[in-house]
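Can you keep this structure in mind? I'll have questions shortly.
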Amino acid sequence: MAGVGPGGYAAEFVPPPECPVFEPSWEEFSDPLSFIGRIRPLAEKTGICKIRPPKAMTRVRLDFLDQLAKFWELQGSTLKIPVVERKILDLYALSKIVASKGGFEIVTKEKKWSKVGSRLGYLPGKGTGSLLKSHYERILYPYELFQSGVSLM
């Protein structure tokens, strides 16, 4: 007999709870463990959840990172993208912001690195500006010089 549970009585079907779907921003997704920690209480109620990653990066950003990686490969090195304040550093945005403020030398001379950090969404203080400067100087500046035709020797 269909629909009869143990003991001979009819069992009522109880549908499982709806699976929650999370759509984190790139900022939230850059620290996946922290994001999962925040959604855990909701996901545990249903025993399952779905996480839709943020929309893909723009083609321009991907091309930029691809060219940057190839540049470092040609130098005999591997591009390692730094993490700043538990967020993956957006090298493309860093490059664009520094360029919009006049370039590496001007940003350094006018001590605008903390402003660059603010534009990237980092909180003021904590030495983030000088950290961004050192990452820029190490990763992006040689690439920028190469792009402009300056000899690195």
Side-chain angles (χ1 to χ4, degrees), residues 1-101 103-104 107 111-144 146-147:
M1 290 194 325
V4 176
Y9 59 87
E12 188 181 331
F13 175 72
V14 179
E18 200 64 29
C19 169
V21 179
F22 300 93
E23 296 184 16
S25 66
W26 270 110
E27 192 172 343
E28 291 171 313
F29 205 62
S30 70
D31 185 2
L33 294 178
S34 162
F35 178 72
I36 289 169
R38 284 197 308 278
I39 67 169
R40 172 173 276 138
L42 294 167
E44 282 178 342
K45 287 178 187 167
T46 57
I48 188 171
C49 76
K50 182 181 217 170
I51 299 173
R52 284 197 188 114
K55 294 281 180 255
M57 286 195 236
T58 63
R59 170 62 43 204
V60 175
R61 176 175 271 132
L62 288 173
D63 286 346
F64 173 84
L65 290 172
D66 188 47
Q67 294 299 315
L68 184 62
K70 282 181 178 144
F71 166 78
W72 281 110
E73 208 173 283
L74 290 170
Q75 309 309 309
S77 186
T78 308
L79 172 64
K80 289 181 182 71
I81 299 175
V83 173
V84 176
E85 287 185 27
R86 299 173 58 203
K87 276 190 342 191
I88 294 167
L89 179 57
D90 185 341
L91 293 170
Y92 176 75
L94 177 60
S95 168
K96 291 289 157 223
I97 292 167
V98 171
S100 76
K101 294 190 175 296
F104 178 76
V107 171
K111 297 179 171 55
K112 290 183 177 174
W113 285 103
S114 58
K115 282 191 174 73
V116 169
S118 298
R119 287 272 309 275
L120 282 168
Y122 295 107
L123 296 172
K126 296 186 182 177
T128 307
S130 60
L131 191 58
L132 292 173
K133 175 184 183 262
S134 71
H135 287 318
Y136 190 98
E137 193 169 18
R138 186 174 51 83
I139 299 168
L140 292 167
Y141 194 52
Y143 174 69
E144 200 177 272
F146 169 78
Q147 293 288 85

Exercise. Starting at CG of Leu79, measure out to NZ of Lys70 and round the result to the nearest 0.5 Å.
Key: 12.5 Å

Exercise. For side-chain contact (heavy atoms from CB on, under 4.5 Å), just list the numbers for Leu89 and Tyr122, CA-CA rounded to whole Å, side-chain angles, deciding distance to a tenth of an Å, and then say yes or no.
Key: CA-CA 10 Å; Leu89 179 57; Tyr122 295 107; 3.8 Å; yes

Practice problem: Please report the C-alpha distance between Val98 and Trp113 in whole Å, then the side-chain angles of each, then the deciding distance to 0.1 Å, and finally whether the side-chain contact (heavy atoms from CB on, under 4.5 Å) criterion is met. | Solution: CA-CA 9 Å; Val98 171; Trp113 285 103; 3.7 Å; yes

Quiz prompt | Inter-residue atom distance Lys112.NZ - Ile97.CD1, 0.5 Å rounding | solution = 13.0 Å

Quiz item: Ile51 and Phe35: side-chain contact (heavy atoms from CB on, under 4.5 Å), yes or no, with the steps?
Solution: CA-CA 10 Å; Ile51 299 173; Phe35 178 72; 4.1 Å; yes

Self-check item: Of Arg119, Arg61, Lys96, the residue whose pairing with Asp90 passes salt bridge (charged side-chain N to carboxylate O under 4.0 Å, His left out)
Solution: Arg61

Self-check item: Spacing of Phe71 atom CZ and Gln147 atom CD [to the nearest 0.5 Å]
Solution: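 If I round to the nearest 0.5 Å, the distance is 8.5 Å.
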
Quiz item: Does any non-hydrogen side-chain atom of Leu42 lie less than 4.5 Å from one of Cys49?
Solution: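 Not touching, per the 4.5 Å side-chain cut-off.
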
Quiz item: Given the rule in the side-chain contact (heavy atoms from CB on, under 4.5 Å) test, do Val60 and Tyr92 qualify, once you have shown the distances and angles that lead to the verdict?
Solution: CA-CA 9 Å; Val60 175; Tyr92 176 75; 3.2 Å; yes

Quiz item: Does Arg138 CZ have over 12 foreign heavy atoms under 6.0 Å away?
Solution: yes

Quiz item: Which atom pair, heavy atoms only, marks the closest approach of Leu94 to Leu132?
Solution: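 Here Leu94 and Leu132 meet closest at CD2-O, 4.4 Å.
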
Quiz item: Around atom NZ of Lys87, are there more than 12 heavy atoms of other residues, nucleotides or ligands at under 6.0 Å?
Solution: yes

Exercise. Nearest 0.5 Å please: distance from the CD atom of Glu73 over to the CD atom of Gln75.
Key: 10.5 Å

Practice problem: Hey, can you tell me if Tyr143 and Phe64 have their rings parallel, tilted or perpendicular (30° and 60° cut-offs)? | Solution: perpendicular

Quiz item: Which heavy-atom pair separates Ile139 from Lys80 by the least distance, and what is that distance?
Solution: CD1-O, 4.0 Å

Quiz item: Can you tell if the side chain of Arg38 reaches within under 4.5 Å of the side chain of Ser34, non-hydrogen atoms only?
Solution: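 Contact flag for Arg38/Ser34 side chains = yes.
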
Quiz item: How long is the gap from NZ on Lys133 to OG1 on Thr128, to the nearest 0.5 Å?
Solution: 15.0 Å

Quiz item: Within the distance-only criterion (no hydrogens, no angle test), does the side chain of Ser118 pair as donor or acceptor with the backbone N or O of Ser114 below 3.5 angstrom?
Solution: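 Yes; judged by distance alone, with no hydrogens or angles, the pair exists.
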
Exercise. Can you measure from SG (Cys19) to CD1 (Ile48) and round to the nearest 0.5 angstrom?
Key: 5.0 Å

